[in-house]
Amino acid sequence: MSPPPVAETEAQRLKERIYSTITMLAVVVGLTEWDDLTYADTLAVIVATALGLWLASIVADAQAHRAVHARRARRHELRRMMYVSSPLLLSAVGPLVMTGLSALGVFDLDDALLLAAGVETASLFAWGYIGGRRVGGNPLVALVAGGLDMAIGLFVATVKLAAGH
């Protein structure tokens, strides 16, 4: 038995959110390695990353739709594509808030980026934990699931730093 359409759509949205969180984590960590980083640079990279992910997802969905259905997506299908991919834009919220607080003098820009990376990492842990609990896992199993999700994000960030980006 397949899941109801609403559950499947929400699963796809969560997949997009987790994917974009891992990507944004890597970008934010990479920004900490830049010399003479300005607020404008930071904002531009964060916004461009989120918008680029979102637009790439819509283009890929539209192309896949044409290839499979031999026609362009109809208006309601395009709206669904945009709805499913919209969480890609949310990955920018934490880093933008932290950058804004830094611009207001709350803390240094490098500290803001590290805090943003921490927020992104914590969200990966939370989704893993919640997912572990939802499939009936006890708290220990859910902690392991959260830890594994978090470890994947940290691995991607570590690779990004090791590559010198």
Side-chain angles (χ1 to χ4, degrees), residues 1-33 42 45-65 68 77 79-102 106-107 109-165:
M1 178 186 268
S2 63
V6 171
E8 185 59 32
T9 297
E10 293 308 311
Q12 290 172 1
R13 283 175 53 84
L14 181 57
K15 174 196 68 145
E16 297 286 8
R17 181 67 168 104
I18 291 169
Y19 169 74
S20 64
T21 298
I22 292 169
T23 302
M24 189 61 74
L25 172 61
V27 168
V28 167
V29 168
L31 284 171
T32 65
E33 296 297 306
T42 304
V45 169
I46 291 167
V47 169
T49 298
L51 282 174
L53 287 170
W54 181 64
L55 292 171
S57 178
I58 291 172
V59 168
D61 282 348
Q63 288 177 354
H65 188 278
V68 170
E77 292 164 328
R79 276 196 309 265
R80 184 183 182 284
M81 289 176 198
M82 292 175 74
Y83 175 75
V84 166
S85 65
S86 64
L88 291 165
L89 298 169
L90 295 174
S91 65
V93 172
L96 288 174
V97 167
M98 295 302 166
T99 301
L101 289 173
S102 176
V106 176
F107 31 71
L109 183 55
D110 282 336
D111 293 339
L113 293 170
L114 290 174
L115 283 168
V119 167
E120 300 292 312
T121 303
S123 67
L124 290 172
F125 174 83
W127 287 317
Y129 180 84
I130 291 166
R133 293 296 290 174
R134 293 226 34 209
V135 297
N138 63 41
L140 181 59
V141 170
L143 283 172
V144 170
L148 289 172
D149 281 7
M150 185 175 69
I152 290 167
L154 292 173
F155 175 75
V156 169
T158 301
V159 168
K160 178 115 176 134
L161 284 175
H165 294 236

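These numbers were taken from a predicted model, which means no experiment stands behind them. Atoms considered below: every heavy atom in the structure, side chains included; atoms not considered: hydrogens, waters and symmetry mates.
When all heavy atoms of Pro139 and Tyr129 are compared, the closest pair comes out as O-CE1, 3.9 Å. Nearest heavy atom pair, residue Gly128 against residue Ala145, reads O-CB, 3.4 Å. Across all their heavy atoms, Ala117 and Val28 have their closest contact at N-CG1, 3.9 Å. Listed here is the closest heavy atom pair of Phe107 and Ala112: CE1-CB, 3.5 Å. For the pair Ala50 and Leu88, the tightest heavy-atom approach, listed with the atom from each and the gap, is CB-O, 4.0 Å. Summarising the geometry of Ser57 relative to Glu16, their closest heavy-atom pair is OG-OE2, 3.4 Å, with the distance given to 0.1 Å.
With contacts defined as side-chain heavy-atom distances shorter than 4.5 Å, the pair Leu96/Val47 qualifies. Side-chain atoms of Thr42 and Leu31, non-hydrogen and from C-beta on, do get closer than 4.5 Å to each other. For the pair Leu124/Leu25, a side-chain contact is recorded, criterion being any heavy-atom separation below 4.5 Å from C-beta on.
To the nearest 0.5 Å, atoms CG (Leu90) and OG1 (Thr21) are separated by 8.5 Å. Here Ile46 contributes atom CD1 and Leu113 contributes atom CG; the two are 6.5 Å apart, rounded to the nearest 0.5 Å. Residue Thr121 holds its OG1 atom at 10.0 Å from CD1 of Ile22, rounded to the nearest 0.5 Å. The CG atom of Leu143 sits 11.0 Å away from atom CG of Leu148, with the distance rounded to the nearest 0.5 Å. Atom CZ of Arg80 sits about 10.5 Å away from atom OG of Ser85, to the nearest 0.5 Å. Taking CG of Leu114 as the start and CG of Leu109 as the end, the distance is 9.5 Å to the nearest 0.5 Å.
Put simply, the side chain of Ser102 never gets that close to the backbone of Met98: no donor and acceptor are under 3.5 Å apart. In terms of modelled atom types and a separation under 3.5 Å, the side chain of Ser123 and the main chain of Glu120 share a donor-acceptor contact.
Applying the salt bridge (Lys or Arg N to Asp or Glu O under 4.0 Å) rule to Arg13 yields the partners Glu10; only residues at least two apart in sequence or on another chain are considered. The side-chain hydrogen bond (donor to acceptor under 3.5 Å, both in side chains) check on Gln63 picks up nothing, with sequence neighbours excluded.
For Phe125, the CZ atom sits in a packed shell: over 12 heavy atoms of surrounding residues, nucleotides or ligands are nearer than 6.0 Å.
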